[in-house]
Amino acid sequence: MAKNLLIVESPAKAKTINKYLGKDFQVLASYGHVRDLKPKEGAVDTEHNFAMKYEVIERNEKHVDAIAKAAKVADDIYLATDLDREGEAISWHISEILKERGLAEGKNLHRVVFSEITPRAIKAAVATPRKLSHDLVDAQQARRALDYLVGFNLSPVLWRKVQRGLSAGRVQSPALRMIVEREEEIEAFVAREYWTVEAQLKHADGDFGARLTKLNGKKFEQFDLTNEVDAMAARAALKEAARGHLTVSEVGSKERKRRPAPPFTTSTLQQEAARKLGFGTTRTMKIAQGLYEGVGLGSEGNVGLITYMRTDSTALSEEAVGELRQLITRDYGNKALPDQPQVYRTKSKNAQEAHEAIRPTSAMRTPREVAAFLTDDQRKLYELIWKRTVACQMIHATMNTVSADFDVKHVKGGDAAFRATGTTVIDPGFLAVYEEGRDQKSAEDDDEGRRLPKLQKGEQIPLQDILAEQHFTEPPPRYSEASLVKALEEYGIGRPSTYASIIQVLQNREYVLLDNRRFRPTDVGRAVSKFLTQHFTQYVDYDFTARLEDELDAVSRGEEAWVPLMRRFWEPFKQQVEEKTESVDRSEATGARELGTDPKSGKPVSVRLGRYGPYAQIGDKDTDEKLQFASLRPGQSMHTITLDESLELFKLPRKLGQTETGDEVSVGIGRFGPFVKQGSTYASLKAEDDPYTIELPRALQIVQEKLELIANRIIQDFGNGVQVLNGRFGPYITDGEKNARIPKDQEPKELTETQCLELLAAAPVKKGRFGKKTAGGKAAPAAKKAAAKKTVTKKAATKKTAAKKAPAKKTAAKKASAKKAATKKAGA
């Protein structure tokens with residue numbers, strides 16, 4: 001057995017590293033975190049210095065056992081998990097587990113870190129180990145404890161006041177607030193009309209346009225022309241004064257330098273991948289993880305292609321810069337290389353996490369050389385990283401901006417002027433390799449690439465026309481993944497390792513939807529945000545969240561102790577939770593709105609948030625015995641719906657008519673969506689069908705399709721519960737509780753009852769949703785009841801009533817046993 005054990009987080013990384021260290025090392029993976037807080041209240045003991053109660057994560061028990069077994073015979077144990085706080089915490093948890101199992105005594109435990117998976121980096125890390133950083137571990141534990149305390153104490157308040165099943169997160173909640181506040185800005189926005197004026201000029205070297213910059217003797221501003229009458233009057237006056245041409249009054253030329261963007265951090269990589277590749281943050285990080293851990297490159301074997309992808313640093317190692325300069329000289333010539341390397345300063349104070357920017361482990365591995373070994377997504381992301389890194393060490397781009405002014409004299413109301421601008425690239429520099437994307441284009445961006453003809457002062461340029469164009473101001477755009485990550489970083493909310501998870505959690509909880517690559521809050525998300533913003537203002541405040549992140553950073557640097565930080569947070573937070581639990585009214589918390597009065601009944605119409613989502617209500621629960629309810633349609637929001645729109649919802653269920661046999665046909669919306677009903681048969685509407693406009697012929701067609709499906713589903717029915725059915729994956733046999741496959745050489749229509757019973761008896765028993773062994777893959781009702789009863793009995797065992805409940809439990813067990821025996825006998 002190998003005398004050295006090295007532990008990393010992922011099996012892919014283990015595979016890559018294993019070949020670098022040789023037979024003296026055994027490399028195992030922890031498969032991520034190995035322990036977590038017990039998933040119950042009290043796992044963080046607030047009365048005893050926030051002591052934490054951990055347990056091994058169930059899905060990783062076998063990996064922990066494998067590590068323990070290998071550690072038993074190893075002399076040296078190298079903890080080589082990731083180089084951030086989470087990685088440090090995983091190493092600490094592994095060391096604690098080994099101590100608890102008595103496997104650390106007499107062993108040498110080393111902590112090793114590396115930001116790239118290359119033979120040189122791995123061997124250097126193993127040769128220079130360090131001790132575990134308890135400052136980093138304390139910072140991670142404090143973060144985990146804070147998130148736990150917020151979740152376990154604030155979520156139940158949301159259940160009582162807003163909706164069951166909701167949850168609140170310490171970092172996700174401020175992010176949700178950002179999205180909701182932007183939506184409210186958009187709804188409150190009132191568009192303003194304005195007009196722009198442009199002269200269309202003709203020139204032998206190419207036609208071009210010039211924007212109006214001066215009108216009535218003063219600078220022309222955006223809202224100087226706000227209606228068509230004024231715009232057309234200005235246009236007519238300008239055309240009359242110009243008399244068919246504009247005269248060049250001034251020509252200017254200015255040279256400027258444009259510097260390359262710094263190499264990627266986690267945030268900028270996520271932003272740029274979203275802009276240029278259309279990748280979401282989670283997708284980007286998953287692809288980057290694979291590139292970091294290693295990709296098979298033919299005879300080279302597994303090779304880590306990029307450095308660690310969770311970083312807020314823009315620094316590059318001297319070795320990396322030297323290789324980049326060598327590549328630039330080789331491929332782009334000496335003129336593309338600055339005299340001195342470009343240096344980028346890291347903004348983050350937390351130097352322990354800011355090791356190096358995201359870069360290729362070797363710039364000499366060009367995207368073209370490795371493309372054949374990568375998936376399409378890997379190739380795109382690697383190329384993005386490679387180009388950005390190479391460009392950051394290249395010379396600046398030199399741009400030339402030319403502007404020409406055209407004065408117009410004797411205009412009614414005062415002199416006017418137009419200006420034309422164009423920017424050309426004199427020396428592309430780094431732009432030959434890479435150009436950074438932007439979320440929104442500016443006027444300067446429009447000028448880039450536009451070349452003006454050579455103009456002389458005093459030259460008269462023929463005027464083709466003067467155009468006046470109507471515009472309306474636009475509301476601020478909804479956040480995209482790129483702009484949300486940028487905003488989170490600017491506010492100091494979260495850290496590199498958390499951006500993707502913040503966004504993923506908001507989507508998983510259905511607090512936000514991604515609509516045309518932009519985030520739109522759901523009604524539930526808005527209710528949660530409104531409740532937290534009104535009643536827990538401090539804890540969703542951007543500055544408060546950022547300060548807390550800074551304090552956690554201070555803990556990671558050893559500048560602050562984590563327990564006092566926890567106390568400062570916990571005591572006022574607990575007090576506020578207790579107060580709001582008692583004082584807040586539920587209707588206020590859910591954002592219920594009164595829309596007006598129903599003209600038919602004279603009763604109030606409102607919209608509310610219920611267990612299954614937003615709904616409209618006619619009537620008042622305090623005064624009306626019978627209330628009317630209607631679910632909102634997809635795309636409708638309780639925050640923007642009008643009275644007329646809500647009254648339309650109560651037109652369901654609609655009676656469409658009758659069949660030839662007299663069955664009534666109607667359409668409505670139920671818990672599982674729109675449906676048509678014919679007699680006792682229900683059939684779901686298709687996505688393209690609208691319950692408010694569907695007509696009888698189409699409804700009958702949908703029902704007929706459902707009836708045909710039911711008819712075709714039954715191949716044989718033996719009348720005793722045993723059937724041969726057509727299923728999703730082909731024909732099968734069932735008795736209602738157990739399913740059996742049909743042999744390939746058997747024709748389903750020709751099976752006898754005896755054959756079916758034999759196949760059912762031989763079929764394996766599967767586990768259902770509740771972990772009970774069931775026959776058909778789904779937990780049978782009896783199994784569900786038994787599971788529920790077992791849980792209740794187990795909880796009651798510690799109470800005085802346990803003795804009274806024991807006989808009932810035995811009786812239930814006897815009944816279950818008898819039923820099982822009867823089933824087995826029938827199968828035989």
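Please read these numbers as outputs of a predicted model, since none were measured by experiment.
When the salt bridge (charged side-chain N to carboxylate O under 4.0 Å, His left out) test is applied to E116, the partners found at least two apart in sequence or on another chain are R120, R359. Residues satisfying the side-chain contact (heavy atoms from CB on, under 4.5 Å) test with R517, not counting sequence neighbours, are none. Partners of F373 by ring pair (Phe, Tyr, Trp, His ring centres under 6.0 Å), not counting sequence neighbours: none found. In this structure, the side-chain contact (heavy atoms from CB on, under 4.5 Å) partners of Y692, at least two apart in sequence or on a different chain, are R633, L649, L652, I669, D690. Under the side-chain contact (heavy atoms from CB on, under 4.5 Å) criterion, N508 pairs with Q504, not counting sequence neighbours. In terms of the side-chain hydrogen bond (donor to acceptor under 3.5 Å, both in side chains) criterion, residue partners of S606 (sequence neighbours excluded) are, by chain and number, R608. Every residue two or more places apart in sequence or in another chain that forms a salt bridge (charged side-chain N to carboxylate O under 4.0 Å, His left out) with D689 is listed here: R698. Applying the salt bridge (charged side-chain N to carboxylate O under 4.0 Å, His left out) criterion to K13, with sequence neighbours excluded, gives D82. When the salt bridge (charged side-chain N to carboxylate O under 4.0 Å, His left out) test is applied to D376, the partners found at least two apart in sequence or on another chain are R379, K380. Applying the side-chain contact (heavy atoms from CB on, under 4.5 Å) criterion to A274, with sequence neighbours excluded, gives A482.
Within the structure, ring pair (Phe, Tyr, Trp, His ring centres under 6.0 Å) pairs that include any residue of residues 139-165 comprise Y148-F152 (at least two apart or interchain). Sorted by first and then second residue, the salt bridge (charged side-chain N to carboxylate O under 4.0 Å, His left out) pairs involving residues 533-544 (not counting sequence neighbours) form an empty list.
Under the 3.5 Å distance criterion, the side-chain polar atoms of T307 are left unmatched by any main-chain donor or acceptor of T361. The backbone N or O of D553 sits less than 3.5 Å from a side-chain atom of S556, completing a donor-acceptor pair.
For the 3.5 Å distance criterion, the side chains of Q576 and H535 fail to qualify, holding no donor opposite an acceptor. A side-chain donor from one of T281 and E481 sits under 3.5 Å from a side-chain acceptor of the other.
In this structure, L488 and M178 have side chains that are in contact, with non-hydrogen atoms separated by less than 4.5 Å. No side-chain heavy atom of H63 sits under 4.5 Å from any side-chain heavy atom of V34.
In this structure, K580 forms no cation-pi arrangement with Y539, as its terminal cationic atom is not both closer than 6.0 Å to the ring centre and no more than 45° off the ring axis.
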